[in-house]
Amino acid sequence: MRNQEVRANVYIPKGTMLTLDQSVKSNLKWDTKNDQNLSRNGIISHLWRMGTDGKLECLDCSDTLKENERDKIIINDDGINIDVQDGKESFKMKIDENGVRIEANDN
């Protein structure tokens with residue numbers, strides 16, 4: 001009623017296994033911590049376990065998938081996400097509702 005919203009933080013206990021589907025994507029934080037360094041678009045549909053350090057650990061990510069999802073340029077309703085790695089050089093830029101974040105490493 002009257003366009004009201006409710007926001008909730010869900011804390012996942014360590015060791016809990018979960019799979020996230022498309023219906024929750026827009027409710028995830030852009031930088032949900034995970035061992036593959038994937039954005040919220042990338043973590044959908046994979047099997048995860050909550051680690052002791054608060055990071056999601058991917059249980060079904062193949063090495064090929066890990067590399068392909070790291071080098072990406074995504075422009076959609078969530079904003080712009082660029083993540084490119086070339087050897088020791090990398091560039092990351094995220095533009096979303098939280099602002100602009102840029103990281104570069106040109107060793």
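Values in this document were obtained by computation on a predicted structure and should not be read as measured data.
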Quick one: do Asp96 and Arg101 make a salt bridge, cutoff under 4.0 Å?
-> yes
What distance do Lys94 atom NZ and Ile102 atom CD1 have between them, rounded to the nearest 0.5 Å?
-> 13.0 Å
Treating Ile, Leu, Val, Met, Phe, Trp and Tyr as nodes and any side-chain heavy-atom pair under 4.5 angstrom as an edge, say whether Val6 and Val24 lie in one connected cluster.
-> no
Distance, nearest 0.5 Å, that separates CG of Asn34 from NE2 of His46 = 9.5 Å
Hey, could you give me the NZ/CH2 distance between Lys55 and Trp48, rounded to the nearest 0.5 Å?
-> 10.5 Å
Do you reckon Met50 sits in the same ILVMFWY cluster as Tyr11, going by side-chain contacts under 4.5 Å, direct or chained?
-> no
List for me each residue that meets side-chain hydrogen bond (donor to acceptor under 3.5 Å, both in side chains) alongside Thr52, sequence neighbours excluded, and say none if there are none.
-> none
Report the C-alpha distance between Asp83 and Asn37 in whole Å, list the side-chain angles of each, state the deciding distance to 0.1 Å, and finish with yes or no for side-chain contact (heavy atoms from CB on, under 4.5 Å).
-> CA-CA 10 Å; Asp83 186 351; Asn37 199 25; 4.1 Å; yes
Residues in side-chain contact (heavy atoms from CB on, under 4.5 Å) contact with Leu59, at least two apart in sequence or another chain | Met17, Leu47, Arg49
Output, in order, the C-alpha distance, side-chain angles, deciding distance and verdict of side-chain contact (heavy atoms from CB on, under 4.5 Å) for Thr32 and Ile43.
-> CA-CA 9 Å; Thr32 301; Ile43 67 175; 4.1 Å; yes
Is any side-chain heavy atom of Leu18 closer than 4.5 Å to a side-chain heavy atom of Leu20?
-> yes
At their closest point, which heavy atom of Gln36 faces which heavy atom of Cys58, and how far apart are they?
-> CG-CB, 3.8 Å
Value rounded to 0.5 Å, distance of SG in Cys61 from CG in Leu38 = 6.0 Å
Would Asn81 and Lys92 satisfy side-chain contact (heavy atoms from CB on, under 4.5 Å), going step by step from the backbone distance to the final call?
-> CA-CA 8 Å; Asn81 185 15; Lys92 295 181 183 181; over 6 Å; no
